[in-house]
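Heads up: the structure comes next, in structure tokens.
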Amino acid sequence: MDNIIKEKLKGFFTFQFEDELINEIANTGEVRLIKAGEILMDINHHVNFVPFLLQGVFKVLSEDKNGNEIVMYFLERGDTCASTFINFVNTEKSKIRVIAEIDCEVVLVSLDHFDNWMVKYKSFRSYVIESYNIRIKEMIEAIDTLAFMQMDQRLLKYLRDRAQVLRETSISTTHQEIAYDLNTSRVVVSRLLKQLENEGRIILNRNRIEVIDL
DNA sequence: ACATTAAGTGATT
DNA sequence: AATCACTTAATGT
């Protein structure tokens with residue numbers, strides 16, 4: 001594995017990984033490029049790896065048995081999917097779908113190394129705990145959003161979140177996709193977007209939304 | 001030029 | 001906020 005990968009592992013993750021740990025990740029991990037739209041892990045599938053996100057953005061969503069989906073949060077570089085940690089104790093099926101928003105680069109590490117690294121590396125332990133913490137906070141935020149916010153506010157929050165993880169003000173999407181993500185109808189999204197545009201918060205184009213009011 | 005897909009809108013529940 | 005039914009606009013072939 002090349003040094004660029006190691007530099008990314010060193011630079012993007014909040015807890016400075018020890019050089020030795022970075023070498024271990026580099027030696028045992030598999031670097032994968034995931035194209036926009038590809039699914040990294042899916043609901044009801046077994047997962048035996050943990051992804052470390054080096055580049056790109058993933059959308060994490062849950063789906064009910066009727067196929068209604070709802071986006072819970074986004075992952076950006078330096079993030080990992082905390083829900084996969086659970087599987088290192090007990091091989092459980094994934095409850096979520098993780099899908100690439102844009103082209104992504106990840107390092108996949110087998111869960112077999114987890115036990116070992118947790119005791120061996122302080123930075124790894126801290127990182128895992130911190131990741132859990134962040135995800136729990138995100139979950140609470142998602143629940144609050146669903147329970148207390150009306151659709152217009154949810155929509156604006158969604159656009160801001162998405163623009164933030166993409167590090168761009170321009171989002172390439174359709175009203176239909178947003179409707180799926182928020183589990184509402186396209187008509188509602190179109191109307192609310194129009195309203196936001198009239199308020200000067202966004203600019204609408206076909207397949208593209210400029211977020212002004214970040 | 002035509003077909004397809006995305007987006008806008010009034011009316012109704 | 002959802003649904004229907006329809007229109008208009010943008011884009012692909």
Side-chain angles (χ1 to χ4, degrees), chain A residues 32-45 51 53-77 79 81-83 93-106 133-214:
Chain A
R32 284 256 308 270
L33 297 174
I34 316 273
K35 292 236 174 74
E38 279 184 49
I39 294 172
L40 178 62
M41 59 185 81
D42 207 349
I43 295 156
N44 288 329
H45 286 207
L53 186 45
L54 300 181
Q55 208 72 246
V57 174
F58 284 97
K59 177 160 90 178
V60 179
L61 59 89
S62 173
E63 192 183 62
D64 76 2
K65 51 179 176 258
N66 300 320
N68 297 311
E69 57 172 72
I70 188 124
V71 168
M72 296 190 294
Y73 49 80
F74 296 97
L75 299 176
E76 55 192 317
R77 73 182 189 200
D79 283 345
C81 186
S83 88
K93 288 179 178 174
S94 174
K95 301 283 182 221
I96 54 171
R97 178 174 300 142
V98 180
I99 175 167
E101 268 280 298
I102 54 178
D103 292 353
C104 294
E105 185 181 26
V106 297
N133 230 314
I134 290 169
R135 273 335 125 196
I136 288 170
K137 282 183 194 157
E138 297 250 31
M139 292 287 190
I140 291 170
E141 199 181 319
I143 292 170
D144 284 349
T145 304
L146 281 166
F148 306 126
M149 284 168 69
Q150 296 197 316
M151 196 50 89
D152 56 341
Q153 296 172 276
R154 281 181 62 197
L155 179 61
L156 187 57
K157 175 176 169 9
Y158 168 92
L159 293 173
R160 284 172 171 161
D161 286 353
R162 209 168 147 182
Q164 194 218 317
V165 291
L166 288 169
R167 296 176 168 79
E168 278 184 51
T169 56
S170 169
I171 304 171
S172 170
T173 188
T174 64
H175 298 187
Q176 182 62 71
E177 188 194 347
I178 297 173
Y180 285 139
D181 287 356
L182 298 177
N183 190 32
T184 180
S185 69
R186 193 230 91 210
V187 185
V188 168
V189 171
S190 292
R191 285 214 167 96
L192 293 174
L193 283 173
K194 199 79 217 160
Q195 197 180 304
L196 288 172
E197 188 183 39
N198 292 335
E199 291 168 8
R201 293 159 174 266
I202 60 174
I203 295 170
L204 295 173
N205 295 102
R206 181 181 239 243
N207 291 318
R208 206 161 50 86
I209 299 174
E210 293 275 343
V211 185
I212 307 292
D213 181 19
L214 277 171

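Here is how names work: the chains are called A, B, and so on, in the same order as the sequence lines, proteins then strands, and each is numbered from 1. Atom set for the values below is all heavy atoms of this structure, side chains included, hydrogens, waters and symmetry mates excluded.
Partners of A:Glu38 according to the salt bridge (Lys or Arg N to Asp or Glu O under 4.0 Å) rule, which considers only residues two or more places apart in sequence or in another chain, do not exist here. Shown here are the side-chain hydrogen bond (donor to acceptor under 3.5 Å, both in side chains) partners of A:Ser190, two or more places apart in sequence or in another chain: A:His175, A:Arg186. Here A:Asn68 pairs with A:Asp64, A:Asn66, A:Asn183 under the side chain to side chain contact (heavy atoms under 4.5 Å, CB included) rule; sequence neighbours left out. Legend: residues meeting side-chain hydrogen bond (donor to acceptor under 3.5 Å, both in side chains) with A:Glu69, ordered by chain and number and at least two apart, are absent. Applying the salt bridge (Lys or Arg N to Asp or Glu O under 4.0 Å) rule to A:Arg135 yields the partners A:Asp79, A:Glu138; only residues at least two apart in sequence or on another chain are considered. Applying the side-chain hydrogen bond (donor to acceptor under 3.5 Å, both in side chains) test to A:Gln176 and every residue at least two apart in sequence or in another chain returns nothing.
Using a 4.5 Å heavy-atom cutoff, the side chains of A:Phe58 and A:Ile34 are in contact.
Residues of residues 190-206 of chain A that place a heavy atom closer than 4.0 Å to DNA chain C, in numerical order, are A:Arg191, A:Arg206.
Under a 4.0 Å N-O distance rule, the pair A:Arg32/A:Glu105 does not qualify as a salt bridge. At a threshold of 4.0 Å, the pair A:Lys35-A:Asp103 does not count as salt-bridged, since none of the basic side-chain nitrogens sits closer than that to a carboxylate oxygen.
The distance from the CD1 atom of A:Ile209 to the OG atom of A:Ser170 is 9.0 Å, given to the nearest 0.5 Å.
Taking 4.0 Å as the cutoff to heavy atoms of chain A, we find the contact window on DNA chain B bounded by B:dT5 to B:dA11. Nucleotides of DNA chain C with any atom under 4.0 Å from a heavy atom of chain A span, from 5' to 3', C:dA1 to C:dT11.
Pairs of residues two or more places apart, or lying in two chains, never qualify as salt bridge (charged side-chain N to carboxylate O under 4.0 Å, His left out) while including a residue from residues 142-155 of chain A. Listed by first and then second residue, the salt bridge (charged side-chain N to carboxylate O under 4.0 Å, His left out) pairs involving residues 159-171 of chain A are A:Glu76-A:Arg167, A:Glu101-A:Arg162, A:Lys157-A:Asp161, A:Arg160-A:Asp213, A:Arg162-A:Glu177 (not counting sequence neighbours).
Each of A:Arg186 and A:Met149 lies near DNA chain C, and the nucleotide nearest A:Met149 is the one positioned closer to the 5' end.
The two residues A:Cys104 and A:Leu53 come nearest to each other via the heavy atoms CB-CD1, 4.3 Å.
For the helix from B:dA1-C:dT13 to B:dT13-C:dA1, the axis fitted to the five pairs at one end and the axis fitted to the five pairs at the other end meet at an angle of 10° (nearest 10 degrees).
When heavy atoms are screened at a 4.0 angstrom cut-off, A:Ser185 is found touching base atoms of the nucleic acid.
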